[in-house]
Amino acid sequence: MNKTIKIRDITLRDGQQSLFATRMTQDQVDRVLPLFKEANFYAMEVWGGAVPDSVMRYLDEDPWLRLEKIKECIGDSSKLTALSRGRNLFGYNPYPDRVIEGFNRNAVKSGIDIMRIFDALNDTNNIKSTIKYVKENGGLADCTVCYTVDPKFRKRDRVRAFLQGKRLPGKVFTIEYFVRKAMELEKLGADIVTIKDMAGLIPPVKSGIIIDLIKQQTDIPVNFHTHSTPGYGLASVLTAIINGADIVDTSIMNFAGGPAAPAFEIIQLFCDKLGVKTNVNLEAVVKINNVLKDIRKELEPFDTYRIFPREFDITKDKLPKEIDDLFEQAIEYAKQHKERDLLETTQKIEAYFNFPPPAENVRKAEIPGGMYSNMLAQLKQMKLEDLLPRVLEIIPSVRVDAGCPPLVTPTSQIVGVQAVNCVIDENNGKPFYTSKSTQFVNLVKGIYGKTPLPIDPEFRKKITGHREETPYNPEDYQKPENPVLDELGAVKLAQNEKEELLLELFPTVAANFLHNRIEKNYMQQIQAIEDEKRKKYLEEKEKYESLSAEEKKKRLLDGLYNYQWSTVDREDYDDDD
């Protein structure tokens with residue numbers, strides 16, 4: 001166990017994305033930035049993920065400007081970090097190196113110090129180019145191993161597969177698998193390696209073992225990231241710290257818990273018990289949390305839980321003895337690998353602080369919460385929610401058919417949508433895979449990269465029409481059109497490299513955002529011209545009215561004075577305003 005641990009605060013990206021659909025406005029972000037500057041977190045995750053899309057789509061704000069404003073305030077007091085999907089960047093489809101280089105160069109230039117890079121298939125080949133371009137531009141490459149679990153089949157499914165001559169896989173995502181991936185990333189040039197558990201499914205004993213083994217096999221800092229959804233998060237962060245993690249991700253209390261990360265304040269209390277220093281300014285954290293409470297109230301329409309944590313000032317409030325004892329007990333259970341006792345204890349601690357209880361449906365199904373809710377929403381749209389249990393039954397077989405991809409964004413959504421499609425096919429008396437999403441077809445083709453298990457060539461032929469794998473070909477990429485808007489001053493839709501990148505990464509959303517911004521600016525220019533005309537007209541009118549009757553008559557007769565009859569419609573300006 002390290003004597004000090006670095007804290008990556010993920011409140012302003014992962015926290016708000018997990019709890020409030022990424023709806024924090026720039027004004028709300030600006031209110032906490034001066035306090036974050038004082039907090040002395042090792043790093044702050046503030047960008048990437050859903051932020052660039054959401055701020056354009058819902059808030060009509062510029063994502064590059066958001067990053068630059070954060071950097072301007074935070075400076076070098078904390079490293080700024082962003083999240084991207086390697087070759088996919090933010091979407092489903094891969095991009096050519098030209099786009100990857102441009103994005104990472106501009107991200108670092110605009111303020112990103114650490115780019116956290118993940119690939120939904122854990123295909124390290126999809127991460128190579130981002131590592132290169134981040135480091136070439138002076139950033140740190142934080143490379144991610146996505147944690148996931150093996151498909152779990154019922155006994156009758158295995159018997160049926162055996163009778164059909166189909167062999168179901170054994171263990172795929174072993175401890176050795178994750179350690180080996182971390183070693184591969186170090187060889188590719190990673191400056192940090194992160195075990196990223198987006199679904200919160202990593203149990204605490206396993207998190208500790210994985211961290212310990214990676215520490216033994218690599219020479220770079222190890223970061224641990226998880227969520228609290230199924231109730232493992234707090235316990236797993238604790239065991240990661242005990243087993244030597246160098247960095248852990250947390251959110252400040254009012255933006256923590258449930259589908260978000262564990263609360264910093266609770267981790268700090270554990271670190272105090274363990275004698276581990278975080279070097280975080282706790283007085284600043286208390287101030288931030290108080291402001292976040294007000295912001296959370298403002299974000300109520302997007303707050304799924306609407307459960308506020310207990311008021312707690314970590315600089316002065318004391319825990320009741322029975323709760324304080326739970327912290328001591330949890331540490332002992334973690335050290336002794338008593339997982340069940342540890343989970344019961346940490347969940348009691350979270351209950352005391354009034355965090356949402358574990359999501360039992362997610363824990364039992366062993367799938368990400370977002371995947372679960374999206375499948376349910378897809379079925380509800382068609383009034384077929386009673387088919388959800390059957391969807392959950394077939395997810396393992398759909399996943400194996402597709403090469404056993406990790407259940408992380410976007411592959412979790414691809415598998416989930418296809419499982420729903422299969423069950424709807426079945427419900428309509430049709431064979432599985434009668435209906436196929438484009439993304440599922442591309443996954444099976446091989447366009448997204450290498451899957452953890454090879455895909456059966458016969459299945460690939462059934463889905464795509466070809467037995468052979470079809471890897472991504474950069475020459476197939478088509479750059480989005482950047483039209484000239486003649487009706488808005490004959491300017492291009494995207495007017496610089498950063499705007500062109502937005503158009504490439506978010507074609508529809510960015511096109512709407514950029515068009516609206518140009519239209520707004522154009523109308524403001526037109527209004528400014530009209531205002532200037534009106535101002536000049538009124539000035540001339542005032543001069544004319546101050547003349548004597550004789551002078552007015554003389555000027556009109558001499559043709560030396562007019563009201564700009566040729567350029568100004570007097571009826572527009574002769575008013576009482």
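Because the structure is predicted, anything quoted here is derived from the model rather than measured.
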Item checked: Distance-minimising heavy-atom pair for G139 and D191 -> O-OD2, 4.3 Å
Note to self: Does atom CD (E298) have a neighbourhood of more than 12 heavy atoms from anything else shown, all under 6.0 Å?
What the structure shows: yes
Next item on the list: Evaluate salt bridge (charged side-chain N to carboxylate O under 4.0 Å, His left out) for D303 paired with K297, printing each intermediate quantity in order.
Entry: CA-CA 9 Å; D303 189 345; K297 290 175 182 176; over 6 Å; no
Next item on the list: Answer yes or no: is there a donor N or O on one side and an acceptor on the other, between the side chain of T226 and the main chain of G233, under 3.5 Å?
Entry: no
Next item on the list: Carefully, step by step, assess I314 and M253 under the rule side-chain contact (heavy atoms from CB on, under 4.5 Å).
Entry: CA-CA 11 Å; I314 196 169; M253 190 170 277; over 6 Å; no
Notebook entry, point to check: Do D30 and Q26 have side-chain N/O donor and acceptor atoms under 3.5 Å apart?
Noted result: yes
Notebook entry, point to check: Do the side chains of I210 and I202 get nearer than 4.5 Å, heavy atoms only?
Noted result: yes
Note to self: Is it the case that the side chain of E38 and the backbone of N281 share a donor-acceptor pair, with hydrogens and angles ignored and the cut-off at 3.5 Å?
What the structure shows: no
Notebook entry, point to check: Just by modelled atom types, is the R87 backbone N or O under 3.5 Å from a matching donor or acceptor in the N126 side chain?
Noted result: no
Check: Are a donor atom and an acceptor atom from the side chains of T315 and D313 found within less than 3.5 Å of each other?
Finding: yes
Next item on the list: Kindly give the heavy-atom pair with the smallest separation between T22 and A50, and that separation in Å.
Entry: OG1-CB, 3.7 Å
Notebook entry, point to check: Within a strict 4.5 Å, meaning less than it, do heavy atoms of the S207 and I195 side chains meet?
Noted result: no
Check: Under 6.0 Å from the CZ atom of R306, do we count more than 12 heavy atoms belonging to anything else shown?
Finding: yes
Note to self: Show, in sequence, the C-alpha distance, side-chain angles and deciding distance for E360 and R363, and conclude whether the salt bridge (charged side-chain N to carboxylate O under 4.0 Å, His left out) test is met.
What the structure shows: CA-CA 5 Å; E360 290 299 317; R363 184 183 63 81; 2.5 Å; yes
Note to self: Between T345 (side chain only) and A330 (backbone N and O only), is there a donor and an acceptor less than 3.5 Å apart?
What the structure shows: no
Item checked: L213 to I175 - nearest heavy-atom pair and separation -> CD1-CG2, 3.6 Å
Margin query: Show the nearest heavy-atom pair for residues F178 and C146, with the distance to one decimal.
Written below: CE2-O, 3.5 Å
Notebook entry, point to check: Between N104 (side chain) and I100 (backbone), is there a donor-acceptor pair under 3.5 Å?
Noted result: yes
Notebook entry, point to check: Rounded to the nearest 0.5 Å, how far apart are CD1 of I112 and NZ of K79?
Noted result: 12.0 Å
Margin query: For a side-chain contact (heavy atoms from CB on, under 4.5 Å) check, start with the C-alpha distance between M198 and V408, then their side-chain angles and the critical distance, and finish with the verdict.
Written below: CA-CA 7 Å; M198 289 85 121; V408 299; 3.7 Å; yes
Next item on the list: Please tell me if the side chains of K206 and Y147 come closer than 4.5 Å, counting only heavy atoms from C-beta onward.
Entry: yes
Notebook entry, point to check: Where do F103 and Y133 land on the ring pair (Phe, Tyr, Trp, His ring centres under 6.0 Å) test, with the steps shown first?
Noted result: CA-CA 9 Å; F103 167 74; Y133 297 129; over 10 Å; no
Checklist line | Gap between atom CE of M115 and atom CG of L83 - 0.5 Å precision | finding: 9.0 Å
Checklist line | Main-chain N/O of F308 paired to N354 side chain as donor or acceptor, under 3.5 Å | finding: yes
Next item on the list: State whether the side chain of R296 and the backbone N or O of N254 hold a donor-acceptor pair below 3.5 Å, judged by distance alone.
Entry: yes
Margin query: Quick one, I70 with W47, criterion side-chain contact (heavy atoms from CB on, under 4.5 Å). Give me CA distance, side-chain angles, the key distance, then yes/no.
Written below: CA-CA 10 Å; I70 294 173; W47 207 64; 6.0 Å; no
Notebook entry, point to check: Do T278 and Y42 have side chains that get closer than 4.5 Å, going by heavy atoms?
Noted result: no
Checklist line | Positive for salt bridge (charged side-chain N to carboxylate O under 4.0 Å, His left out) with D142, one of K135, R8, K6 | finding: R8
Checklist line | Closest non-hydrogen atom pair, P204 against T239 | finding: O-OG1, 2.8 Å
Check: Distance from F118 atom CZ to T194 atom OG1, nearest 0.5 Å?
Finding: 12.0 Å
Next item on the list: Report yes if some heavy atom in the side chain of E265 is under 4.5 Å from a heavy atom in the side chain of I252; otherwise report no.
Entry: yes
Notebook entry, point to check: Just by modelled atom types, is the V205 backbone N or O under 3.5 Å from a matching donor or acceptor in the E339 side chain?
Noted result: yes
Next item on the list: Would you indicate whether the side-chain heavy atoms of I367 and S412 approach each other to under 4.5 Å?
Entry: no
Notebook entry, point to check: Do we see a donor-acceptor contact under 3.5 Å between the side chains of D197 and Y232?
Noted result: no
Checklist line | Closest contact, heavy atoms only, L33 versus I74 | finding: O-CD1, 3.6 Å
Check: Can you tell me how far OH of Y448 sits from CG of D119, rounded to the nearest 0.5 angstrom?
Finding: 12.0 Å
Next item on the list: Output, in order, the C-alpha distance, side-chain angles, deciding distance and verdict of side-chain contact (heavy atoms from CB on, under 4.5 Å) for I295 and F20.
Entry: CA-CA 11 Å; I295 292 173; F20 316 117; over 6 Å; no
Checklist line | Inter-residue atom distance Q16.CD - L19.CG, 0.5 Å rounding | finding: 9.5 Å
Note to self: Side chains of E184 and T124 only: does a donor on one sit below 3.5 Å from an acceptor on the other?
What the structure shows: yes
Notebook entry, point to check: Atom CD in Q216, atom CE in M183: separation rounded to 0.5 Å?
Noted result: 11.0 Å
Item checked: Test item: Q413 side-chain N/O and P410 main-chain N/O as donor-acceptor pair under 3.5 Å -> no
Checklist line | Flag side-chain contact, heavy atom, 4.5 Å: H227 against S18 | finding: yes
Notebook entry, point to check: Does atom NZ of K273 have more than 12 heavy-atom neighbours, drawn from other residues, nucleotides or ligands, at distances under 6.0 Å?
Noted result: yes
Checklist line | Side-chain donor/acceptor of R23 to backbone N/O of L299, under 3.5 Å | finding: no
Check: N223 and D249: side-chain donor and acceptor closer than 3.5 Å?
Finding: yes
Item checked: Within 6.0 Å of NZ in K181, more than 12 heavy atoms from elsewhere -> yes
Margin query: Could you tell me if the side chain of D76 sits less than 4.5 Å from the side chain of K71, heavy atoms only?
Written below: yes
